[in-house]
Amino acid sequence: MAEEACKLLVIGGGPGGYVCAIRAGQLGIDTIVVDEAELGGACLTVGCIPSKALIHAAEEFHKASVFASGSSVLGIRVSGAEIDLARTVQWKDGIVKRLTGGVAGLLKKASVRTMKGTARFRDGKTVIVRTAEGEKRVRAENVVIATGASPIELDGLAFGGDVISSTEALSLGEVPEQLAIVGAGYIGLEIGTAYAKLGSKVTVVEAADRILPLWDDALTRPVAKRLAALGVDVRLSTKASGRADDGLLIATNEGGSETIPCDKILVTIGRRARTGAIGLDELDLTMSGAFIEVDDKCRTSMRGVFAIGDVTGEPMLAHRAMAQGEMVAEIIGGHKRAWDRLCVPAVCFTDPEIVSVGLSPDDAAAKGVDVTVGTFPFRANGRAMTLERDDGFVRVVARASDNAILGVQAVGPGVSELSAAFAIAIEMGARADDIGAIIHAHPTLSEAFHEASLGVLGHSLHF
Ligand code: FAD
């Protein structure tokens, strides 16, 4: 069997793994990254990027349809709007190709060796990689597990045929006439909103009594309102029970069942850590439920074996995986590092978008922290009005004793781009007074952050 040796072997070339490998390469660490699929992982190939491409295309088509219907308040009228989804998917695939090619280039520039194949532990320092040319044994002083997560299947609705996961939903050849979605988390609602805008009749079935359980009621209300305006039928407290010839079976409250007619059933009920194929049983690592347990340096229970990204649990977000990857590379390079981040921004790219950074008022109450909350609505923000969308708000949560900003949430058009300002404020220890004293450009949505901070101090100017 062919054999290679290195100081660091990274299993998985997603945002966690490839960032770890690039930083390690920059530090002069002899590194190999192995992936059985495309470099870039779920995020670049079937997650963050392709979903945002579809969301953008859907929004553009929706605008054109509104113009064509003659109902735009802007007075714009065009004749007819059509979509060639196959071409949209081709465009999306072009972006994915550019990005995955870019990752390969960055790894090469950092002198990282890449290997295509499926990795399986033999022991903590030896991994067997099944490649197209046969098996290779890789001996490594350190191994980083960055194998990510994959979509969870539902009993009675196994993936295949018309029952699809987000991966297939992002590459459909044509817009389904009727789409049923099981699960009203962010992935289901982002994709569901996009297809509603593309013209599908969308029904969302959710077992819980509310959509987007990670965000509070005030934040999700504008999203629920918009879903209704787009004609999306959201069935809460409803369980999907299986497949019928012509659609999705749901259980009724009376103990019977009803069929929701549809051409495709998209199941988005969560993602599970990908630990099955890597031979974890050879290592006997301590687990935290289905995820690999790590400490504040992303060390597992075995010396020299680290784990980063989705395989370590929530929040399963690309930027968290990247931050962990960078940190682990520096630890292996001898730097003194530990996970000391105050917040991981979470963005939901629904319509409108939701951002949550740090503590919400509910989180603060649960922790027994006394807070002052300042809220500023976009209906009092000139820029939001010029964008035709003045629903939503920015909310600042500050410690009552000294106005230190502990959390910021927002819902509104394009608020994802405000997430950096919110995170900077929290990580740099800003107080509401600091944000209130900074000039925010007019007219911008960011003025709502300024005003909500002034709200904490009790003197918003425009509300
Ligand atoms: P992954 O990106 O999952 O990468 C793991 C890699 O490991 C894969 O390439 C896989 O092929 C490889 N691998 C697994 N097992 C083996 C093995 N045995 N041998 C070799 N290779 C192996 N996050 C955000 O932050 N923002 C978003 O907007 C967002 N949108 C999303 C939309 C969708 C539809 C989905 C599905 C996810 C989205 N996510 C988003 C989540 C994001 O994609 C993940 O958090 C991120 O990709 C996790 O990175 P990772 O490096 O941990 O794992």
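Each ligand, and each atom within it, is numbered from 1 in the order the structure gives.
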Find the distance between CE (Met327) and CD1 (Ile332) and round it off to the nearest 0.5 Å.
-> 10.0 Å

Of the side chain and backbone of Pro151, name the one, both, or neither that has a heavy atom under 4.0 Å from an atom of ligand 1.
-> neither

Would you indicate which of Arg120, Glu190, Lys116, Lys52 comes nearest to atom 30 (N) of ligand 1 when only heavy atoms are counted?
-> Lys52

Given that the side chain starts at C-beta and the backbone is N, CA, C, O, which of these parts of Leu317 lies under 4.0 Å from ligand 1, counting heavy atoms, or is it both or neither?
-> both

Sub-4.0 Å atoms of ligand 1 with respect to non-hydrogen atoms of Ala146 | 5 (C), 6 (C), 7 (O)

Quick check: are there more than 12 heavy atoms from other residues, nucleotides or ligands sitting under 6.0 Å from CZ of Arg137?
-> yes

Under-4.0 Å heavy-atom contact with ligand 1, by part of Arg271 that carries it = side chain

Tell me, which protein residue and heavy-atom name are nearest atom 25 (O) of ligand 1, and how many Å apart are they?
-> Ala318 N, 2.9 Å

If you measure from each non-hydrogen atom of Ser166 to ligand 1, which part falls under 4.0 Å: side chain, backbone, both or neither?
-> side chain

List every atom of ligand 1 that sits less than 4.0 Å from any heavy atom of Gly16, numbering the atoms from 1 in the order shown and giving each element.
-> 51 (O)

Geometric cation-pi criterion Arg341 and Trp339, 6.0 Å radius, 45° cone | yes

Enclosure of Glu3 CD (heavy-atom neighbours >12, cutoff 6.0 Å) = yes

Of Gly12, Cys48, Gly309, Ala321, the residue with the heavy atom nearest atom 42 (C) of ligand 1 is Cys48

Could you tell me whether Glu282 atom CD has more than 12 heavy atoms of other residues or ligands within 6.0 Å of it?
-> yes

Shortest heavy-atom approach to atom 3 (O) of ligand 1 - which of Pro345, Gly148, Ala169 = Gly148

In ligand 1, which numbered atoms sit nearer than 4.0 Å to a non-hydrogen atom of Phe349?
-> 28 (O)

Does ligand 1 have any atom sitting under 4.0 Å from a heavy atom of Tyr18?
-> no

Short N/O distance, under 3.5 Å, between Ala119 and ligand 1?
-> yes

Would Phe449 and Phe422 count as a close aromatic pair, with their ring centres under 6.0 Å?
-> yes

At under 4.0 Å between heavy atoms, what of Arg274 touches ligand 1? The answer is side chain

Met316 neighbourhood, listing ligand 1 atoms whose heavy-atom distance to it stays under 4.0 Å | 41 (C), 45 (O)

For atom 4 (O) of ligand 1, which protein heavy atom lies nearest, and how many Å away is it?
-> Gly14 CA, 3.5 Å

Taking heavy atoms and a distance under 4.0 Å, where does Leu39 meet ligand 1: side chain, backbone, both or neither?
-> neither

Looking at Thr118, which atoms of ligand 1 are within less than 4.0 Å of one of its heavy atoms?
-> 18 (N), 19 (N)

Under 4.0 Å from one or more heavy atoms of His319, ligand 1 contributes atoms 25 (O)

Is the shortest N/O to N/O distance between Ser51 and ligand 1 below 3.5 Å?
-> no

Protein heavy atom at shortest distance from atom 9 (O) of ligand 1 = Asp35 OD2, 2.6 Å

Hey, are Arg226 and Asp391 close enough for a salt bridge, meaning a charged N less than 4.0 Å from a carboxylate O?
-> no

Any N or O of Cys43 closer than 3.5 Å to N or O of ligand 1 | yes

